[in-house]
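The structure appears below as structure tokens.
All ligand and atom numbering here is 1-based and tracks the order in the structure.
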Amino acid sequence: MNGQKDNYPKSAEAFTEAEKILPGGVNSPVRAFGGVDTDPLFIERAVGSKVYDIDGNEYIDYVGSWGPMILGHAHPKVIEAIGAAVSRGTSFGAPTLAETSLAQKIIAAFSSIEKVRLVSSGTEAVMAAVRLARAYTKKDLIIKMAGCYHGHSDSLLVAVGSGLAEAGRPSSAGVPDSIAELTIVIPYNDIDAAETAFQKHKGKIAAVIVEPVAANMGVVPPIDGYLGALRSLCDAEDALLIFDEVITGFRLAPGGAQELFGVKADITCLGKIVGGGLPAAAFGGRADIMDMLAPVGAVYQAGTLSGNPIATAAANATLNMLAKGNCYQKLESISAGLEAGLANAAKDAGVAVTINRVGSIMSCFFTPHQLRPSRTLESVEKAGFLCGAIGAGVRNFADVQSTNIKQFKRFFAEMLRRGIYLAPSAYEAMFVSLAHTQQDIEKTIEAAKESFRKAEGEK
Ligand SMILES: *Cc1c(COP(=O)(O)O)cnc(C)c1O
């Protein structure tokens with residue numbers, strides 16, 4: 001961004017220092033702002049819907065630490081729970097009551113989960129889920145969808161979205177072909193492709209892994225019947241269905257996308273919200289599958305800090321808050337207001353935008369035309385959920401890649417200048433939290449009016 005050094009002198013200097021000793025200046029690639037051709041902001045603190053950089057600028061935050069901060073930053077109840085836990089000691093390497101309590105909450109929320117294991121990151125949860133599926137089915141191949149991100153374990157670093165979509169790389173260096181070959185990649189939302197893959201690799205598919213609402217290539221909802229079709233295929237072919245609900249779990253509904261779309265997974269991966277802003281994640285499923293894990297079964301999985309007492313306290317406090325009142329309706333109405341305002345602002349600016357939204361995650365895709373007619377999902381309406389206005393114009397990774405990234409970059413820069421902190425990538429979602437106020441939404445829409453106009457100039 002031009003004028004970066006003037007607006008953010010301390011961040012610019014901090015990044016120069018960090019780059020000398022951290023690869024790319026960051027500890028997770030997308031934080032480097034590579035997708036928007038600028039340098040990252042260094043954050044000093046955050047509270048509620050706001051983040052503050054080290055230059056003293058305030059922003060309305062739609063990154064939310066990439067998903068966990070559904071209550072907003074530094075929620076008093078979460079901070080209190082963390083404080084109380086810290087004073088009792090930070091790690092024991094032995095069972096605690098809080099772990100059972102967290103597992104009970106997860107099981108109560110997800111009807112497909114009978115037993116849970118707590119881990120420290122989404123990557124770990126997915127890696128273990130895949131190992132478990134292979135052991136359970138005694139098969140090796142995994143089907144994944146292009147543009148879905150499932151963490152950075154070897155088997156799943158194939159055709160991912162998120163940080164790697166940026167670089168246009170299909171996978172990562174250092175992943176042996178012999179491992180990547182075990183992962184069959186097909187387009188998201190393509191039932192025929194899934195059927196074909198099962199036919200072609202008859203009797204060899206251990207599992208299908210999918211983000212039930214894709215959110216690492218921007219937000220891409222499943223077309224009607226998609227998740228149900230995957231369920232049927234897995235049942236017919238004795239494969240397990242793994243839902244990676246690391247983003248969607250406890251965000252779209254307490255029971256995640258499974259509750260929303262009425263399709264059950266065999267194994268569910270959770271993270272982000274389930275860690276309450278600390279490093280905790282989980283995977284769970286049917287008892288007969290989960291009991292294959294050590295120490296009961298032969299599938300090894302372990303972690304020094306798994307079920308860490310501080311992370312577990314933050315998680316329990318977060319899930320307690322989410323269980324109160326009508327959090328999900330509140331999130332829906334804030335998010336619907338934002339979506340409508342952004343759509344109007346784009347229309348007024350004459351810029352072609354498709355907004356995909358499911359509950360409190362959404363994306364503005366800059367598309368020169370509506371790629372496919374927009375429609376709402378019948379299954380969602382039937383379930384009686386307030387998941388309004390789902391644009392299905394962008395339905396898979398190829399659609400996402402055909403959107404105008406130049407316009408997105410300009411939009412991002414203009415919004416940032418106006419105090420709105422969006423994810424620094426055209427391939428990431430906007431996360432709305434319970435801390436976002438009506439005033440935040442109005443300010444965001446106001447900023448978007450001029451920003452969309454500037455973006456339109458980038459055609
Ligand atoms: C973030 C994410 C992961 C990885 O979680 P980490 O905690 O970053 O390892 C896995 N799957 C999905 C869908 C995610 O969004």
Side-chain angles (χ1 to χ4, degrees), residues 26-32 62-70 117-131 133 142 144-166 171-172 183 185 188 207-222 227 241-252 256-258 260 265 267-284 301 303 305-308 311-312 314-315 318 358-363 397 400 423-425 427-431:
V26 292
N27 288 306
S28 196
V30 79
R31 294 180 198 170
Y62 290 101
V63 177
S65 186
W66 305 94
M69 312 317 300
I70 193 167
R117 175 147 295 174
L118 303 179
V119 294
S120 300
S121 72
T123 294
E124 251 188 286
V126 175
M127 183 180 74
V130 167
R131 184 178 301 152
I142 303 292
K144 89 173 272 291
M145 317 309 166
C148 284
Y149 177 67
H150 304 292
H152 59 90
S153 68
D154 283 354
S155 296
L156 294 159
L157 266 187
V158 185
V160 303
S162 203
L164 285 181
E166 223 63 89
S171 68
S172 165
T183 304
V185 180
Y188 188 76
V208 170
I209 181 162
V210 67
E211 290 181 73
V213 173
N216 282 288
M217 48 174 146
V219 174
V220 181
L227 300 176
L241 181 59
I242 304 174
F243 275 178
D244 183 348
E245 298 230 37
V246 167
I247 283 182
T248 51
F250 292 100
R251 176 165 287 277
L252 302 185
Q258 294 176 53
L260 200 55
I267 306 176
T268 299
C269 302
L270 298 167
K272 299 195 167 113
I273 288 172
V274 104
L278 271 80
F283 62 103
Q301 191 286 326
L305 294 178
S306 292
N308 171 265
T312 306
T318 299
V358 183
S360 57
I361 45 175
M362 69 177 95
S363 291
F397 197 35
V400 173
S425 162
Y427 300 102
E428 305 284 355
M430 283 174 85
F431 294 94

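At least one N/O-N/O distance between Asp244 and ligand 1 falls below 3.5 Å.
The backbone N or O of Ile361 lies less than 3.5 Å from no partner atom in the side chain of Arg251, so there is not a single donor-acceptor pair. Remark: the backbone N or O of Ala128 is not paired with any side-chain donor or acceptor of Arg117 at under 3.5 angstrom. A distance-only check finds a donor-acceptor pair linking the side chain of Tyr188 to the backbone of Glu211 [under 3.5 Å].
Considering Gly122, Pro68, Gly151 only, the shortest heavy-atom separation from atom 6 (P) of ligand 1 involves Gly122.
Of all atoms in ligand 1, listed by their number and element, those nearer than 4.0 Å to a heavy atom of Ile247 are 15 (O). Near Glu211, meaning under 4.0 Å from any of its heavy atoms, are these atoms of ligand 1: 13 (C). Applying the 4.0 Å criterion to heavy atoms of Asn216 picks out, from ligand 1, the atoms 12 (C), 13 (C), 14 (C), 15 (O). Listed by number with element, the atoms of ligand 1 under 4.0 Å from a non-hydrogen atom of Ser121 are 7 (O), 9 (O).
Under the side-chain contact (heavy atoms from CB on, under 4.5 Å) test applied with Cys269, the options Val130, Val274, Val126, Thr123 reduce to a single match, Val126.
For atom 11 (N) of ligand 1, a protein heavy-atom neighbour is present inside the 4.0 Å cut-off.
Given atom 8 (O) of ligand 1, the protein heavy atom at minimum distance is Thr123 OG1, 4.5 Å.
To the nearest 0.5 Å, the span separating NZ on Lys272 from CD1 on Ile70 amounts to 13.0 Å. Within the model, atoms CG of Leu118 and CG of Leu305 stand 12.5 Å from one another, a figure rounded to the nearest 0.5 Å.
Side-chain contact between Leu260 and Thr248 is absent, with no heavy atoms from C-beta onward closer than 4.5 Å.
Ligand 1 lies within reach of Lys272, whose nearest heavy atom is under 4.0 Å from it.
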